Asker: 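Starting off with a structure, shown below.
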Amino acid sequence: MTLFLKNYLKMLNDTGVNNKDNMIINIGLLLEKNISKDNPTDYSLLLPPELVNLSVSHEDIDEIINSLLILLKNKPSYSSRIVWAVGKTFDEKKIEALLFTLSQIKYCDDETFKQIIFLTDVVKNKQINRLVHEIELFRLS
């Protein structure tokens with residue numbers, strides 16, 4: 001992992017850093033760019049120059065997801081953007097970890113739930129379906 005990306009992820013959990021919404025969106029786009037190789041999107045129009053040409057390894061992606069989950073636990077108000085960003089991996093295990101974290105912290109506002117439904121229309125398995133049901137139940141209570 002590059003020093004820039006390490007510092008970028010560290011800033012996500014630093015207090016006093018503004019613009020975390022944009023940072024999370026940038027991380028999601030970085031994940032999408034590196035995972036969806038056939039995607040015709042021109043990321044140079046969407047990402048800051050430091051992230052445009054950055055390639056990330058599987059280990060980097062794991063570290064990125066861990067940073068997002070830590071942020072989710074500390075600041076659930078970013079949950080809809082975090083769900084969107086993690087969804088860019090299309091990785092069932094990472095999505096399960098995300099949904100499990102949401103279930104643990106018992107936080108899921110309307111926008112986050114919309115993102116979950118959109119995501120689980122594309123990626124699902126028994127565990128993901130169970131976790132979504134669990135989230136639905138605590139939203140109803």
Side-chain angles (χ1 to χ4, degrees), residues 1-15 17-141:
M1 178 174 292
T2 67
L3 182 59
F4 178 82
L5 187 54
K6 278 185 186 197
N7 289 333
Y8 200 80
L9 293 176
K10 183 182 175 305
M11 288 185 341
L12 272 180
N13 287 294
D14 285 349
T15 56
V17 173
N18 296 326
N19 244 0
K20 288 185 183 180
D21 286 324
N22 288 339
M23 292 176 72
I24 296 165
I25 290 168
N26 288 340
I27 289 169
L29 290 170
L30 177 66
L31 291 169
E32 179 182 75
K33 177 181 86 68
N34 279 271
I35 291 170
S36 304
K37 300 292 184 188
D38 296 334
N39 189 331
T41 303
D42 184 356
Y43 291 97
S44 66
L45 300 174
L46 302 172
L47 284 169
E50 303 86 3
L51 295 176
V52 170
N53 296 317
L54 190 64
S55 291
V56 293
S57 68
H58 292 292
E59 293 81 17
D60 294 342
I61 292 171
D62 290 343
E63 202 168 325
I64 290 168
I65 299 305
N66 287 337
S67 294
L68 289 172
L69 294 180
I70 289 167
L71 178 62
L72 178 59
K73 289 176 186 174
N74 293 330
K75 293 293 273 179
S77 60
Y78 293 108
S79 61
S80 66
R81 270 97 49 228
I82 293 171
V83 169
W84 177 83
V86 173
K88 296 298 182 180
T89 67
F90 295 101
D91 182 315
E92 290 181 4
K93 293 297 178 196
K94 289 174 180 31
I95 293 166
E96 285 176 20
L98 168 71
L99 295 175
F100 181 76
T101 301
L102 284 168
S103 182
Q104 278 186 318
I105 64 173
K106 301 261 187 267
Y107 183 89
C108 186
D109 61 14
D110 291 342
E111 187 57 36
T112 301
F113 195 67
K114 287 178 192 173
Q115 289 294 327
I116 290 170
I117 296 305
F118 176 76
L119 175 60
T120 56
D121 279 345
V122 178
V123 178
K124 63 175 119 188
N125 63 29
K126 271 181 143 174
Q127 180 67 1
I128 288 173
N129 289 339
R130 187 187 67 73
L131 288 165
V132 170
H133 181 67
E134 205 172 286
I135 291 168
E136 284 176 312
L137 289 177
F138 81 68
R139 280 179 49 85
L140 293 173
S141 59

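Throughout, numbering of the chain's residues begins at 1 and tracks the sequence. Keep in mind that this is a model prediction, so the values were computed, not measured.
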Asker: Does N74 have any side chain to side chain donor-acceptor pair (under 3.5 Å) partners at least two apart in sequence or in another chain, and if so, which?
Answerer: none
Asker: Quick one: pull up CG in N34 and CD1 in I61 and give me the separation to the nearest 0.5 Å.
Answerer: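 The distance works out to 6.5 Å.
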Asker: T112 side chain to S80 main-chain N or O, any donor-acceptor pair under 3.5 Å?
Answerer: yes
Asker: Output all residues satisfying ring pair (Phe, Tyr, Trp, His ring centres under 6.0 Å) with Y78, sequence neighbours left out; order by chain, then residue number.
Answerer: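 Checked Y78 against ring pair (Phe, Tyr, Trp, His ring centres under 6.0 Å); zero matches.
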Asker: Look at the side chain of K33 and the backbone N and O of V52, then say whether any donor-acceptor pair between them is shorter than 3.5 Å.
Answerer: yes
Asker: Quick one: list whatever passes ring pair (Phe, Tyr, Trp, His ring centres under 6.0 Å) with F4, sequence neighbours left out.
Answerer: Y8
Asker: Without swapping roles, check the side chain of D62 against the backbone of E59 for a donor-acceptor pair under 3.5 Å.
Answerer: no
Asker: Please evaluate residues I135 and V132 with respect to the criterion side chain to side chain contact (heavy atoms under 4.5 Å, CB included), reporting the C-alpha separation (whole Å), side-chain torsions for both, the decisive distance (0.1 Å), and the verdict.
Answerer: CA-CA 5 Å; I135 291 168; V132 170; 5.6 Å; no
Asker: For the CG atom of L12 and the CG atom of N26, what is their distance to the nearest 0.5 Å?
Answerer: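 That separation rounds to 10.0 Å.
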Asker: Run the numbers on L30 and L5 for side chain to side chain contact (heavy atoms under 4.5 Å, CB included), then give the verdict.
Answerer: CA-CA 11 Å; L30 177 66; L5 187 54; 4.1 Å; yes
Asker: Output all residues satisfying side chain to side chain donor-acceptor pair (under 3.5 Å) with N66, sequence neighbours left out; order by chain, then residue number.
Answerer: none
Asker: Got a sec, which residues hit side chain to side chain donor-acceptor pair (under 3.5 Å) with E50, two or more places apart in sequence or on another chain?
Answerer: none
Asker: To the nearest 0.5 Å, what is the distance between CE on M1 and CD1 on I64?
Answerer: 5.0 Å
Asker: D14 side chain to V17 main-chain N or O, any donor-acceptor pair under 3.5 Å?
Answerer: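 Checked: no pair found.
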Asker: What's the separation between atom CG in L29 and atom CD1 in I24, rounded to the nearest 0.5 Å?
Answerer: 12.0 Å
Asker: Can any side-chain N or O of S103 pair as donor or acceptor with the backbone N or O of L99 at less than 3.5 Å?
Answerer: no
Asker: Nearest 0.5 Å, please: how far is CE in M11 from CG in N7?
Answerer: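 Atom-to-atom, N7:CG and M11:CE are 7.5 Å apart.
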Asker: Any chance you could lay out the side chain to side chain contact (heavy atoms under 4.5 Å, CB included) test for I35 and K88, step after step, and finish with the verdict?
Answerer: CA-CA 8 Å; I35 291 170; K88 296 298 182 180; over 6 Å; no
Asker: Roughly how far, to the nearest 0.5 Å, is the CG atom of L68 from the CG atom of L31?
Answerer: 7.5 Å
Asker: Could you report the tightest heavy-atom contact between S67 and L9, atom names first, then the distance?
Answerer: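 That closest heavy-atom pairing would be OG-CB, 3.8 Å.
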Asker: Any salt bridge (Lys or Arg N to Asp or Glu O under 4.0 Å) involving residues 124-141? Give me the pairs, sequence neighbours left out, ordered by first then second residue.
Answerer: D110-R139, R130-E134
